Every structure is written in C-alpha cells, then in structure tokens.
Amino acid sequence: MTMYKFLLAIAIALIVRPYVYAADHYSLHSFKGNVTIESKGRSTKACKGMTLNPTDNIVIPNGGSAEVYNSLDKQIYRSATPGRISVTRLMINAAKTAADKFSSVGEKMRIGRKSSAGDQRVFVEKGMVKRSLATFDPDAGNAEMDIESVAMRLASAMAHHTCDSLPEGVTVDIESGPEQGAVSFGVSNSMTSPLYYNLLSFTPDKEIEISPLGQPEGCFVLLPGQQTVRSQKSTSKTLAPTILIATPVKFDLDKVTERANALLSGNEATQIVNTDLPVIIRPIF
Amino acid sequence: MKNEQPIHISAAKAACVTLLALALSFVLANPLTASLSAVFASPERGDFRVTDLYFQVADARPVRQLDDRIVLVDIRNADRVEIAECLRLLSLSGPKAVGVDINFADAGNSDSIISDAVERLPLTVLPLGVERTAKGDFRITDQPFFFKNLKNVKYGVANLPSEDEGSSIREYATYYPMVSGDSLPSFALAMAEMGADPAAADSRRDGKMLHTIDYASREFKVIPIDEAKDNAELFSDKYVMIGAKGDADDMHSTPINSYMSGMMIHAYSLSTLLDRKTFSQMPLWMDYIIAFVLCFGIVFAAIRIQSKLRGITLRFAQMILLIMTVWAGYSLFLDSSLVCNLTHTVLMLTFGLLALDVWNGLEEIAAIITGRRRKTASHFAEAE
C-alpha cells in the first residue's frame, strides 16, 4: 500500500511537472498602457517580470502593447493589437508576422497609412543642459543630508521654538520686516564651503511649508563669498513666521518638511534632538 | 493632330485623373518621402545606406532575441565610490569579462578606491580613446589616470567608426594599428578576448578591420547600478558592461535610432562578434545589371504595348517591381546576410517611364525642327 502511494505520487508529479515547468518559462517582459492579465478567472494589472502561463490571457487596450519573454528560446514576442489574446497565441502570431517579410516591408513603407502623429505631439525633448552640483561643490559630491535627522531637528525646533546660532562666516541681515509693509533681508556666506538654504513658514495650523519668500523648489546655493538679498515690497503684516533652514550639504526640502509635519502631527517631536548635526534652523521674522 | 474629344469630356477626365492622383498621393506619400530623402538629401540626411532600411525593417519585427550572454549595468548618476562597489560585487559574481565603459581621466579623492577595485577584478577591460594620424595609424588620446600601472587589466579602444562626424555608427572595428607598430583591440574585441571566446581569434584572423554591426532584433538586459546587488546572480559567466545608458555626451546615431548610448553600441558590436555574423556585399556591377534589365523590360513594354490599357498596366507593373525589389533585397539581407544595394534599380524603375516621356518629347521636338528645315529647304529650292 505504501509502495502504491509512492508510485502514485511519482506519477502525479510527472504529469503535473510539465505544466509547472512550462509555466516558469514565460514572463511579461514589458508593456505599454493599461494592460491586464487574466489568469485562472482572475484579472490583475500587468506587472513587468510577472510569470505567465501559456493559457493566460493578456488584455491589451487601444494604443497599448505587451511583450512576452520566452526563456526557452530566449526571444521576446510583441503584440500591439488591442484585445484579448492568450500568451501562446501572442507568441504564435508574433512569430508568424516576423517571418512574413512582405508585410514587414509594407509595414515599414507604411503604404496607405497616414502619419501616426497626426496633430498629437510629445514634449519629451528638453532644450537645456543640466549641471551637476558636484561641479560647484566637488567636495560634497553626491552627499546629501539624512532626511530623518534633519526632519527631527526641524520638528524639534518648531515644537520647542529653539533658535540656532549662526556659524562663523554666515550672516543674516534683516533690513525691514512685515511691520514696515515690506521685507528685505540678506544672507551672506564667507565660509570656504557652499551653504544650502531655504525659507520655511510655520502656519497657524502648526504646519511647515515653504515660505513665499523662499525658493519654491530645491534650495538656494550660496557659494563661498556670495550673498543673496531677498526683498518683497508689500506684504501682509500678518506674514507667517519665517524660518531659515541651512546646511553645508544639499538636502531634499520636500521630504524633510513632509517628515517633519508627520512628526509634529504625531507629537513625536517631544524632545530636543542632537544639536551637533550641522543644520541651522533660525527664525527670520 | 486635332483633339476631337469634346472639351467637357476632356475636363471631366482631367478632373478624375487629378482625384486619382490625390488618392495615390495619400497612399504613396511615405514611400516617396523615403526615396526622396535618400536622393535629394541635405548634408545631414545624406547619411543613408540601404542597409539602414533593411535594419529598420528587421528591427521592427515583433520578435526579438534577448542576448543573455551580455548584461549591462547602467551607472546613471553613480560616483566613483559606487562604481567601485559595483566592481567589488562583480568580483564575487563570477562574470566572464567586465567592460567598464567609463574613462577615469582625472585623479580625484577616491583614486585608490577605483584603482583597487579594478585591480581586484582581473577580468576588467577599460576604454581608451584614439585619433588617426596622417599616416593612417592611431595614437592614444584618452586614457585612465592609472593607465598601464595596473596588472591584469586589458584595454580596448572605445572609438566608434563612422563615415563622417555625426554619421550613423554602422560598423565596429576589430583592431587599431598604432603608431608604435603593434595593434590595440577594440572595446568589443578586447572583451571577447578577455572572455577567451574563439570568435575573438577568428575575428583577428580574417584580417578585416571593419565589420557591419548587426542591430536587428537584439536586446540586452540592463540593470541599474543600485539594483546590481539584488541581481548579482545574473552576472555569473556573462560579459558585463558598466557604463551610462542615458548620458547625453555619449549618444550616437545608428541605423535603427538616432540616439543610442556608446555602451549599447559596444554591446551590439560584441554580440555581432560573438555570433561571427558578417555581411557580404553584392558587387555594384550586379546592381547595374539588375537595374538595366528591369528598366529595359518596363520601357520596352511601354514602347511595344499599343492597347488602351497600356498606361495602367505599365504603372502597376512599375509599382509591383519596386515593391518586389525592396522585398527581394530585404529577403537576401535577412536570410543570406547579403547586402544588395538596389538604389539604382529602385531609381531606374521609378524614372524609367519618365525617361521615356522625355525621350519621346525630344524626338517630337527634333521632328518639328527637322520638319521646319525641310520646309525651309524645299521653299528655297522652289524659289531657285
């Protein structure tokens, strides 16, 4: 009886094995558009690299496409025909089309087809160059302030109203404040390394956001020996408290403020954190 | 001869023909544009070869081969420290050869990190840049700062041969004869030699410096450098290339697209070399013979056929022959790796009937002139 069960198990494994084995050989190499995969009665969103069974159906929307990778012959099969098609049929059709030289030539020469773009245009090309900050700050290279540490410092400073002193070489000169109906201040850097800074507002809802006086995206970079002056002619006397945040290395302000707000709303900024971190947080107005 | 057809019939016929011409212009706009750009090209667009068309047609097929012998690592914005870490990872992954398509020209703070990582990976190929001298040999112009100071490092020339500056990269070189008298392998050949592939020796032996890159229907696995650790097993026994896939300074025009990274071109070159794929060129005289025979056939038929269906028959024959010519060239290219430059065939088929119209017109003009001279001569003869 035991022998019988053993033999039965082996027989079942041999029958099932090809299906299991075959299923591992096909995967979704890539896709375009809102492609879905129907497998065993369930429909799931396509995901690059997902394993496919030969009998799974791929649903391709208008303008979409799907590519199936077959690890047995190491070939990638593509279909851009909208509709539902099984994995096996997709590969068969693709292979048939690839072998049809006449239709390949006709497809290239696009006989009878109008221009595919029509009135639509894509705006991918950008006529500009980018310059890495590493050229301005070669010593810092790709260094970046740790988001969590800076966020904790910021949240702590907001919660406890602390004010960091400015390091030697950094000065902030305030010429006029909101009470005068205009704001004007300058930040100068006479250190030997750049200074990265921006201005934040602390709203009545106890939320931190980028101040209207600050840089809307990223942060200012003050190279050694440089100074910036920011001024705004008319402003509300009830301008939200404005805070200067500055570091010697670049930082992702969006992520820092997002994390700091999370700490503040969760009341996690209850203790004053490490002040050795080279971050300056100082109220301006 | 007076046209006896009523004028309104002629006008209606002309209108119908014009509508037909309009319909044909929609159908044939793209093929005609392609042929016009090949013939009346601006200097930039003058860089066209018939193999470009064949590669584009072949590459557009819905089946591509994933060449899993070669794996690419895209460094993106990685610095030297991260690249060195990647090289250390590769030393644990058992690759067949590692090609670093990055020139560490200047010494920096992380010098020792990079040179140590390279030295510990004895299968590394590094790039060199060369320039051609007046004598036709080459001298080195770009080299890493630790050039020749490291053992177990092979160097390969990373230059990409082209017909003109900015032209498409259609070929890869196998070796470069240097001013010193010896020769340096190209980046692709150096990697094949580092991997001890027999195709490398065959490539050297055939004596040809330039080979056509087979761009059609190939793809390579590309792994971002920050995902290298998670995919370390993929590098085992592979030719691994490390470089930038999207750096604007290293983008080049190829037959299948106008914006391909140098690293990707090296990958295609290596793949072609490992496959021992070579293309033969059909002799130019054969192109002329085929062009002459086909054009002669169309023109002869135009002269001899007197039926009212002559025009439509000839035009259809012309179109079919044109399509068949391109199809035949593409089939030979795909099945036999034979490059047929059928430019003259296509052009002569296109302009054969136009040439006949010009000939007939010149004949008519000559007849008119000759007829007037005869009338003038007979007039003087009568006067005498």
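Chain letters run A, B, ... following the sequence lines, proteins first and then strands; every chain starts at 1. In this text, all values refer to a predicted model and were calculated from it rather than measured experimentally.
No more than 12 heavy atoms of other residues, nucleotides or ligands shown are found within 6.0 angstrom of CZ on A:R89. Residue B:K238 qualifies as enclosed at atom NZ: its count of foreign heavy atoms under 6.0 Å is above 12.
Across all their heavy atoms, A:V105 and B:V57 have their closest contact at N-CG1, 3.9 Å.
Qualifying ring-ring contact (aromatic ring centres under 6.0 Å, His included) partners for A:Y197, counting only residues two or more places apart in sequence or in other chains: A:F220. With sequence neighbours left out, B:Y215 forms a ring-ring contact (aromatic ring centres under 6.0 Å, His included) with B:Y268.
Using a 4.5 Å heavy-atom cut-off against chain B, the contacting residues of residues 90-100 of chain A are A:A94, A:A95, A:T97, A:A98. Chain B is approached within less than 4.5 Å, heavy atom to heavy atom, by A:H29 from residues 29-48 of chain A, ordered by number.
Considering CD of B:Q56 and OG of A:S104, their distance stands at 13.0 Å, rounded to 0.5 Å.
Contacts between B:D335 and chain A at a heavy-atom distance below 4.5 Å involve the side chain alone, from C-beta outward. Residue contact with chain B, scored on non-hydrogen atoms closer than 4.5 Å, is absent for A:N70. Both the backbone and the side chain of B:Q65 come within less than 4.5 Å of a heavy atom of chain A.
A donor-acceptor pair under 3.5 Å is formed between the side chain of A:R78 and the backbone N or O of B:A60.
Residues A:Y69 and B:R64 fail the side-chain proximity criterion, which asks for heavy atoms closer than 4.5 Å.
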